[in-house]
Each structure stands twice: as structure tokens, then as C-alpha cells.
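A short worksheet on the structure shown next.
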2 protein chains.
Amino acid sequence: MTQAMPTPAEPAGLDFPLIRRTGYLLHKAGLLLMEDAEQALIAQGMRMRYFYVLAALESGLSLSQQDLSRLLNLDPTTMVALIDEMEGAGHVERRRNPSDRRRYILRLTDDGREALERAGRAVDQVERDFLSTVPEADRDRLRTLLGDLLADRWPRVIACE
Amino acid sequence: MTQAMPTPAEPAGLDFPLIRRTGYLLHKAGLLLMEDAEQALIAQGMRMRYFYVLAALESGLSLSQQDLSRLLNLDPTTMVALIDEMEGAGHVERRRNPSDRRRYILRLTDDGREALERAGRAVDQVERDFLSTVPEADRDRLRTLLGDLLADRWPRVIACE
DNA sequence: TATTGTTATACTCTATAACTATA
DNA sequence: TATAGTTATAGAGTATAACAATA
């Protein structure tokens, strides 16, 4: 081949204007970090949405499947399959809500709580690794900046992908 | 309904541990920003990947479809349809590479360059709006932090989703 | 009549396999 | 034999529609 081949290994050689955009960098950083986290969870037979549901149920509120669907922005039919999986793994229990027998009250089991903690540790580790190049002092600043950035968008912030 | 309903409008009321993670905030911020950008581009009949290809071709390198596939991490078959669309819109030209007639050399047309500029302005505007709550001085800091964060992952940074 | 959970179905997106023309 | 582009096809993931139980 006589043509120069762009090598993805050296994109810096390409004048690719996107990589100078804060927005682009923000998107890529978030994406890479979440991919790492998902990968770490897959090693535990779990995905991020699974982790999200565990985290939501830890709150102790009496959440139904559709409550969770709305909260995490997942389709109710998707939620059925997810809760099926979690129930099969013994991490979640379905109990009928006595005051509205159409609904379940979903509860974390002890195994579920344990799985949540273990997953949380894995995600913590991924975050630490990912942020390791950022000086300690800047990490707080970064978190604060991101929090401010999202402050006026709370309704959409808690949601899967 | 007698049970308390969690209202996504007030997630702060939920003790949702994820929203205190820098990694989670980073992911959500990047996602929301990119959704806004995609929305702005859809108003121009364009998507982000379309914008990415325009931006890559602006470099002036002699890129083939598969060069672009590798660079943007898009499947070659997906690239066919995308370039079909771009060619149909008159933004890209396919010319056979005379030194290897299997390949094309893809070129931006004047219309394509114009579309790139217009899209770039839209994305700029989205970024400015999104970052408007961050003090001017912190914006530079944020960009620098994100750049450092990605510095050792360049091979994976230039890529669609 | 409306809503929860559920199933079955359709749709979208992406990846796989096979083909052609070139090398 | 291998590669670029293409097409047709299969698969994963998601959304839509319809249903039973309950309100």
C-alpha cells in the first residue's frame, strides 16, 4: 500500500479538532470510566444497571418495579427481565404489596447487600485507578465542578445510560 | 396508592449513593452533554458520527472507508451506509485511489466543509450552555484535568461511542 | 377506566458471512 | 492469498402492543 495509513495508535498525529473540546473530553472520559466499571462488574457476573438497582434498593424505600423503571429510566419490560435475573441470583425478593396487590415491594436480600458492597468496592477501585493521574487536591475540585454542572439537571441525572 | 412514590423530580430526597461518586458524575455529565449535542445536530439532519467523519476528513489526509472505520471505531459495514448518506447529501465524494483501485479516497466537498462548520457552531453553543455554570477560570482547569486524565489512553480516545 | 406486571412481537442497531474487484 | 468495499443476514438490545390481575 502506497498511501499513508493513519494509525489509531498515534491519533495525536492527526489534526482531529474534537480532542480539543472540553465537551468531547468529558464525554470520552465518562465513557471510558464507565466501560472500565462495567468490565469490572462483568467479572462478578453483574452489569451497571444491576448495580444501580441494588444501590436504589439499599435506600430502604418500598420500590415497585415501575418505580425503579422511572427512577433509572429503564423500560418496564426490561426491568422485568432484570428483576427476574436478580431474584434468580437470590439478590432481590419480590413481595406483593398488601395495600396494592398489583405491585411488588422489592427487597434486597442479605446476599444482595453483600453483592452490592462487593460491586461497590470494585467500582471504587476502578475510579481510583482512573483518577490516579489527577492530583489529590484537584480531585475534590473536579467532583465539585461536576456536581455544580449537574445541579440544575437532577431529574435526568439518576438514570441508566 | 398508599405507598410513598419516589419522584424522579426530587432524587436528592433519595439516598442514592451513586450521585456522590466522581465517576458517576463524570459519566452522567458526559452523557447529558453528548445527548444535547446530538439533539442539536439532529436539528440539522446530522448525528455525532456524521460530524466525526466530517471532522476527520477535514484533516486533508487520504482516508479510505476502512481507515475511518478503524479511526472512529465503527464497523466497516456501518461506515458504508454512513458514507452513502453523506455522499447522497453531497458532503463527501468517493474517488477511487489510483494506486489501489480497491480503495476510495474520501474527500469533503465545499458543502461538506460548510456543514462541518455549521455543525461545529451548534456543538460549540451546546458546550457553552452546558458549561455556563462553571466559572470561566475553572473551565480551563477542567479541560486540562480531563486532558491529563485521557493522556495515557489516546488510542481509545478518538472513537465513536 | 386505569395501572402493575407480564408476554409476545416489532423495531433498531450492530456484527457476521459471503461475494466482487482488485492486489 | 489477502484486502476494500458491498450486500444480505443474524443477533442483541430495546421499545410497542396486548393481556390478566387488581384498583
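Order of the sequence lines sets the chain letters (A, B, ...), proteins ahead of strands, with each chain counted from 1. All values derive from a computational prediction rather than experimental measurement.
- Phosphate contact (OP1/OP2 of D:dT6, side-chain N/O of B:Arg103, threshold under 4.0 Å): absent.
- Between the side chains of B:Asp67 and B:Ser64, at least one donor N or O lies within less than 3.5 Å of an accepting N or O.
- No more than 12 heavy atoms of other residues, nucleotides or ligands shown are found within 6.0 angstrom of CZ on A:Arg101.
- Taking side-chain N and O atoms only, B:Tyr104 has no distance below 4.0 Å to OP1 or OP2 of D:dT3.
- Linking ILVMFWY residues whenever their side-chain heavy atoms come closer than 4.5 Å, directly or via other members, leaves B:Leu72 and B:Val80 in distinct clusters.
- Checked against the 6.0 Å centroid criterion, the rings of A:Tyr52 and B:Tyr24 qualify as a close aromatic pair.
- For D:dC19, the OP1/OP2 oxygens have no side-chain nitrogen or oxygen of A:Arg102 closer than 4.0 Å.
- When the side-chain nitrogen and oxygen atoms of B:Gln66 are compared with OP1 and OP2 of D:dA4, one or more of them lie within a distance under 4.0 Å.
- To the nearest 0.5 Å, the span separating CG on B:Leu68 from CG on B:Leu74 amounts to 9.0 Å.
- Contact annotation: B:Arg47 side-chain N/O to C:dT12 OP1/OP2 distance is not under 4.0 Å.
- The stretch residues 77-92 of chain B touches DNA chain D through B:Thr77, B:Val80, each having a heavy atom within less than 4.0 Å of the strand.
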query: Taking only Watson-Crick and G-U wobble pairs with both distances under 3.5 Å, what dot-bracket line describes DNA chain D, where [ ] shows pairs that cross earlier ones and | shows pairs with another strand?
result: |||||||||||||||||||||||
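- The 5' end of DNA chain D is approached more closely, in terms of each residue's nearest nucleotide, by B:Pro76 than by the other of A:Pro76 and B:Pro76.
- Annotation: A:Gln125, atom CD; neighbour count of heavy atoms from other residues, nucleotides and ligands within 6.0 Å is above 12.
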